[in-house]
Amino acid sequence: MSKEKIAIRVDDLTVAYNYKPVLWDIDLEVPEGVLMAIVGPNGAGKSTLIKSILGIIDPIAGSVAIYGKPYEKQRKLVAYVPQKGSVDWDFPTTALDVVMMGTYGMLGWIKRPGTKEKKASLEALEKVGMLPFKNRQISQLSGGQQQRVFLARALVQDASIYFMDEPFQGVDATTEIAIINILKELRKAGKTVVVVHHDLQTVPEYFDWVTFLNVKKIATGPVRDIFNDDNLTKTYGINYKVAVNK
Amino acid sequence: MDAQLEIQLIATVVAIACAIPGVFLVLRKMALISDAISHSILPGIVIGFFITEDLNSPLLILLAAVTGVITVVLVEAIQKTGLVKEDTAIGLVFPALFSIGVILIAKNANDVHLDVDAVLLGELAFAPFDRLIISGIDVGPKSLWVMGGILLATVGMLFAFFKELKVSTFDAGLSAALGFSPVVLHYGLMTVSSVTVVGAFEAVGAVLVVALMIAPAATAYLLTSDLKKMLVLSVIFGVTSAIAGYWMAHFLDASISGSMTTVLGLVFLTVYLFAPSKGLIAVMYRQKQQRTEVSLLTFLLHLNNHDEESERRVQHLNEHINWQKVRSKTVLDLAQKNNLIAIENDLVTLTSKGKEFTDLALEYIITNKDEKIEHMKDDFFLFRG
């Protein structure tokens, strides 16, 4: 265990909205190559944690390191899938174009995507089974298809660490399975995947690592060691019982 | 160049320069901000005018643009307190700044060529009188050069930062994560919008410049699902409306800016009614078709569920599914046209295609799996979401 590389390190991270802390003094180490769920009740700061790691929200205290360096220097190692509901799906653009946006980070300012980026985007669409829909306007896609497009956009970034904010929200069962299979493939390829997750029942089946969060960090570690009623109760505040397959 | 041509040229340049930032304002749901900017730049213009005594001076444009950006900052600051919503914040900020401008004019500028009417409504017809003279040579109307410069800068920035503007407009979170600061892009867009409004206000006035920014973009939005096409269409709508408006004013002997805005409104109305997929008529037609298709599905399901003859008689269907004659006939015709049913001696039977259709449609409704009904989307509105 101790020899494992740390992909993400969060130190004393505190985030507040209007002087009300939503994350309080979070210390977190995520080893390389895990598929980790962040679980916690609504308002626990799960999305906020991801967003502050990615520099989208400024913390009032603490620091974040991606492979030992600040995020700003490691952008190219990181891919991000925001909540599906955070964007306007009536935006005039196609599925392919949304995936191409994933290549913008590598290009930097001003440079335009070319054939190489287009080819990579088409491959990513293929991987999530959305190639036939590449020219479809994004509002004409179902919820599950939109989520697949978002996943393809992250895949095209060819990152080492993937952050996903509730990728299973509002998607059909087929899409959920397709997405989790791709995430498991990413882990197999040595990537680190961090997922904000809501469905506690599926945690043991989908993930090998878990972080319990409720404003403070409750626990973090391998699912088989720490995914138990005790931590669930501490996190959700009520006597929580789930069937955990050990 | 004669004055008529010069006016139309200025109108064209103003229309293009307004249409481009307008597209992004509309997509960012910030149309109201352009209204706020167009009013609150007044104190900037007035102070600039006192200093330079020239409405086309770069300093004046700069000062006014700064006021425009201050408007945005103030609106966001008030909104951030969480005490009021954005629309309220806008409603608080721009009248305050605008009124400062009004008082400044009333107190100091009574005897100079700057009055509230001119600021609010503009007068394109006067634009050719103010010439730019370089070492004794008349090179054309000053406002044409000013707006031309602003347009050139806008187009240059659009080409340079198209992908950054697109990603930050669509998904600010991703944009930030990728290192394209949404804040920088936001204020960049606000600066361009402010400068454009300042440049255009003299020609079309502070009120109508909003129409030139928002109406072409809103019209184009109804016609396309491609950002580049939306930009091109906005420019086309802006320019044609501006020219048509000019000639309308010419023949009616009315205000040019008023006529332009009227044409912009009429163009929007026409597209709003007749746009192929998002237009009102298309939407109503689609809803009617969907209703019919739901009826069709109900009907096919009924046939699927009942083998007994008494349930499958044409006359019986009228009474049993409780439809009016016309509706029953429409549904029967639609089903027959698509070979979903066969009618023999007044008895309706589901064909094998009809059976397959019903099963697929049912599965789609239950599971919402899109893949299977993909081929049906062309024929049936029901499956187009």
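Just so we're on the same page: letters track the sequence lines, and every chain starts at 1.
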Tell me whether the centres of the aromatic rings in [X] and [Y] are closer together than 6.0 Å.
X	Y	value
B/Phe162	A/Trp109	no
A/Tyr80	A/Phe163	no
A/Phe168	A/Tyr206	yes

Hey, does the side chain of A/Arg75 reach the backbone of A/Met106 with a donor-acceptor pair shorter than 3.5 angstrom?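 Judged by distance alone, no pair lies under 3.5 Å.
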Of the backbone (N, CA, C, O) and the side chain (C-beta and beyond), which part of [X] lies under 4.5 Å from a heavy atom of chain B, both, or neither?
X	result
A/Gln157	side chain
A/Ile57	neither
A/Val98	side chain
A/Tyr17	neither
A/Asp90	both

Count the heavy-atom pairs under 4.5 Å between each of [options] and chain B, then report the option with the highest count.
options	answer
A/Gly102, A/Pro82, A/Gly144	A/Pro82
A/Val81, A/Val87, A/Thr94	A/Val87
A/Arg153, A/Lys76, A/Lys51	A/Arg153
A/Gly108, A/Ser86, A/Pro132, A/Gly129	A/Gly108

Verify whether one side chain among A/Tyr104 and A/Lys111 offers a donor that lies under 3.5 Å from an acceptor in the other.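 Distance-only check fails for A/Tyr104 and A/Lys111.
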Apply side-chain contact (heavy atoms from CB on, under 4.5 Å) to A/Asp12 and A/Ile26, showing your working. CA-CA 5 Å; A/Asp12 308 325; A/Ile26 306 289; over 6 Å; no
Geometric cation-pi criterion B/Lys278 and B/Tyr272, 6.0 Å radius, 45° cone: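 Verdict for B/Tyr272: no cation-pi partner in B/Lys278.
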At a 4.5 Å cut-off on heavy atoms, which part of B/Ser181 comes close to chain A: side chain, backbone, both, or neither?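 The backbone, not the side chain.
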